[in-house]
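Order of the sequence lines sets the chain letters (A, B, ...), proteins ahead of strands, with each chain counted from 1.
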2 protein chains.
Amino acid sequence: MQIVDENRAKAERAGLSERQNAVLESALKLLVDGGEKAVTTAGVARAANCSKESLYKWFGDRDGLLSAMISYQAGKVRTVEVGAETLTTDGLRKHLAAFALDLLDVLSGDVSLALNRLAIGQTVGRTAMRGARGSGPTLGRLLEERGRRQIGRRATMLLEAGRKAGLLAFDDADEAYGTLYGLIVTDAHLRMLLGFDPAALKKEFAGRAERAAASFLTLYGVGAMADA
Amino acid sequence: MQIVDENRAKAERAGLSERQNAVLESALKLLVDGGEKAVTTAGVARAANCSKESLYKWFGDRDGLLSAMISYQAGKVRTVEVGAETLTTDGLRKHLAAFALDLLDVLSGDVSLALNRLAIGQTVGRTAMRGARGSGPTLGRLLEERGRRQIGRRATMLLEAGRKAGLLAFDDADEAYGTLYGLIVTDAHLRMLLGFDPAALKKEFAGRAERAAASFLTLYGVGAMADA
DNA sequence: GCCGAACCGTACCGTACGGTACGCATTCGT
DNA sequence: ACGAATGCGTACCGTACGGTACGGTTCGGC
């Protein structure tokens with residue numbers, strides 16, 4: 001049975017079966033409009049028309065299911081590459097604004113918010129590294145790895161391209177990205193996590209993205225003095 | 001209700017006795033190093049050496065207890081006023097940096113993080129306005145009102161003072177505050193909520209605060225030239 | 001057509017928790 | 001000094017959930 005487990009583990013990493021994906025989709029739906037406590041094993045089984053026994057067979061335990069939900073959803077991020085050659089100042093601004101809009105769209109998504117709430121709710125302040133089972137990393141760590149890191153890579157690429165084109169000036173790309181992130185998101189993410197209706201914020205996303213891009217260029221564009 | 005109760009009267013501003021405050025303190029301690037699921041009625045009662053019956057008498061039900069924890073903790077915010085007259089550019093920068101440092105300190109506090117996790121975990125995506133009991137607003141809304149709004153007022157005051165002194169230029173104070181907030185916090189808050197060790201981030205708080213203040217002045221300072 | 005594997009539906013178990021009830025100690029007002 | 005109120009400790013109840021076991025059913029391989 002170890003062989004079976006190994007095969008399954010590999011399958012989970014490379015992508016689960018259609019049936020399992022459907023189950024995860026159901027679980028995500030439950031999570032989105034019921035919160036974490038709505039994701040009960042019985043509830044998921046009922047919603048997905050599968051048996052609890054299968055759930056435990058596929059995901060080990062409830063934590064495994066939750067982790068699988070995060071990994072599964074994270075597998076949907078698209079990585080848009082940017083043609084690095086023809087970069088003008090205005091083109092860079094547009095790329096920045098587009099990135100900002102995408103970022104805001106991702107963060108304001110129902111599923112994203114629900115998963116972030118889940119991972120945050122799971123987090124414990126004090127040294128939570130209790131590896132009771134093979135749950136591996138914390139859900140929060142998992143979410144950060146698969147979510148933020150991924151989209152951050154795209155931003156870093158864009159910033160590097162801008163620097164190579166002589167349009168941006170910064171020493172630490174991560175720091176610059178942090179600034180960009182802050183200009184774009186401000187506290188919108190936290191407020192949405194706390195229950196603020198995303199629809200109310202979405203209306204100003206476009207303007208916010210434009211302003212963030214412009215501000216970022218003011219701070220890091222060539223001709224501006226970055227450090228004091 | 002004579003002279004002896006003078007001290008208690010101050011504590012009872014929020015309608016809570018000393019005993020109840022002690023209970024809330026115990027509950028907060030439990031929350032901080034055990035997460036939400038550690039805050040059980042029996043656990044709080046045991047930790048605070050009181051009976052469950054008293055808990056229910058004082059707070060109604062578990063939700064009432066959680067709300068009381070948030071309100072109680074929020075009652076500790078101090079509002080530092082800024083002398084609006086003698087404002088130079090450098091003085092403003094220092095005030096901004098001080099505010100940034102305070103904000104980061106607050107957000108990285110154990111209790112603050114635990115309460116934010118609690119409120120976020122309690123939040124449900126879909127129209128969460130189901131008031132089961134007299135709990136009134138959502139915990140998230142409560143936290144936002146009492147926490148962010150409060151410290152935001154202080155920042156807004158500072159910004160208005162800067163504008164009145166002719167050192168800052170902006171149309172919308174809230175928008176400017178949002179930018180300031182983003183520059184200061186970036187994604188540090190979210191990462192800490194997800195479990196990232198605050199101690200690791202605290203080391204760079206000072207530098208981050210300085211940079212945020214400088215960047216803000218670059219964006220909103222008159223003439224837009226930060227350094228001199 | 002048969003066999004085994006996978007799987008569904010359901011019943012079941014142990015536990016943990018929210019909430020209530022009761023008995024007894026302590027305190028406070030009169 | 002005495003009765004009432006407050007509150008502690010504990011036992012108790014109902015429920016809900018995580019996890020397991022079992023019988024019946026479908027499906028693919030031989």
Side-chain angles (χ1 to χ4, degrees), chain A residues 1-8 11-12 16-27 30-31 34-69 118 121-122 124 130 132-135 139, chain B residues 1-5 8 11-12 15-27 30-31 34-69 118 121-122 124 130-135 139:
Chain A
M1 51 190 72
Q2 284 180 343
I3 303 160
V4 178
D5 280 353
E6 224 164 10
N7 280 342
R8 196 172 60 230
E12 280 183 8
L16 307 95
S17 73
E18 282 305 322
R19 187 82 184 93
Q20 278 136 330
N21 284 353
V23 169
L24 291 179
E25 205 74 50
S26 294
L30 277 181
L31 176 69
E36 179 197 347
K37 76 184 184 72
V39 185
T40 67
T41 55
V44 172
R46 197 179 327 116
N49 286 328
C50 75
S51 71
K52 286 174 66 176
E53 198 169 4
S54 302
L55 286 185
Y56 284 96
K57 188 171 197 172
W58 293 332
F59 307 106
D61 60 357
R62 186 172 179 269
D63 264 10
L65 173 64
L66 299 180
S67 300
M69 289 165 64
L118 172 64
Q122 211 79 0
V124 176
R130 67 174 61 210
R133 292 180 61 97
S135 62
L139 292 186
Chain B
M1 51 196 72
Q2 280 80 10
I3 308 103
V4 186
D5 295 331
R8 206 176 61 190
E12 278 182 358
L16 300 173
S17 72
E18 282 301 328
R19 187 81 183 94
Q20 278 137 331
N21 285 351
V23 170
L24 291 180
E25 205 74 50
S26 293
L30 276 182
L31 176 68
E36 179 197 347
K37 76 183 183 73
V39 185
T40 67
T41 56
V44 172
R46 197 178 326 115
N49 286 329
C50 75
S51 70
K52 286 173 65 175
E53 196 167 6
S54 301
L55 286 185
Y56 284 96
K57 187 170 198 170
W58 294 331
F59 305 107
D61 60 358
R62 187 171 179 268
D63 264 10
L65 173 64
L66 299 180
S67 299
M69 288 165 65
L118 171 65
Q122 211 79 1
V124 176
R130 66 176 61 208
R133 287 183 59 99
S135 62
L139 292 185

Would you say [X] places a side-chain N or O within less than 4.0 Å of OP1 or OP2 belonging to [N]?
X	N	answer
A:Trp58	C:dA6	no
A:Arg19	C:dC8	yes
A:Ser54	C:dC8	yes
A:Thr40	D:dC17	no
B:Thr41	C:dG19	no

Rounded to the Å, how far apart are [X] [atom1] and [N] [atom2]?
X	N	atom1	atom2	result
B:Gln20	D:dG7	CD	C1'	12 Å
B:Glu53	C:dA21	CD	P	8 Å
B:Arg46	D:dG7	CZ	P	21 Å
A:Lys57	D:dC22	NZ	P	15 Å
A:Phe59	D:dG18	CZ	C1'	16 Å
A:Leu55	C:dT10	CG	P	15 Å
B:Tyr56	D:dG9	OH	C1'	16 Å
B:Asp63	C:dG19	CG	C1'	13 Å

Checklist entry - How far apart are the closest heavy atoms of B:Leu55 and B:Ala45, and which atoms are they? => result CD1-N, 3.9 Å
Checklist entry - Got a second to check how far A:Ser54's OG is from A:Asn49's CG, nearest 0.5 Å? => result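 Between atom OG of A:Ser54 and atom CG of A:Asn49 there are 11.5 Å.
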Next on the checklist: If I take atom CG from residue A:Leu30 and atom CD from residue A:Glu25, how far apart are they, to the nearest 0.5 angstrom?
Outcome noted: 11.5 Å
Item to check | From CA spacing to verdict: side chain to side chain contact (heavy atoms under 4.5 Å, CB included), B:Cys50, B:Arg19 | outcome: CA-CA 9 Å; B:Cys50 75; B:Arg19 187 81 183 94; 3.7 Å; yes
Between [options], which nucleotide gets closest to the side-chain atoms of [X]?
X	options	answer
A:Ser51	D:dG9, C:dG9, D:dT20	C:dG9
A:Arg62	D:dG18, C:dG18, D:dC8	D:dG18
A:Lys52	C:dG19, D:dC8, D:dG19	D:dG19

Checklist entry - Considering the options B:Leu65, B:Leu66, B:Val44, which one meets the side-chain contact (heavy atoms from CB on, under 4.5 Å) requirement together with B:Phe59? => result B:Leu65
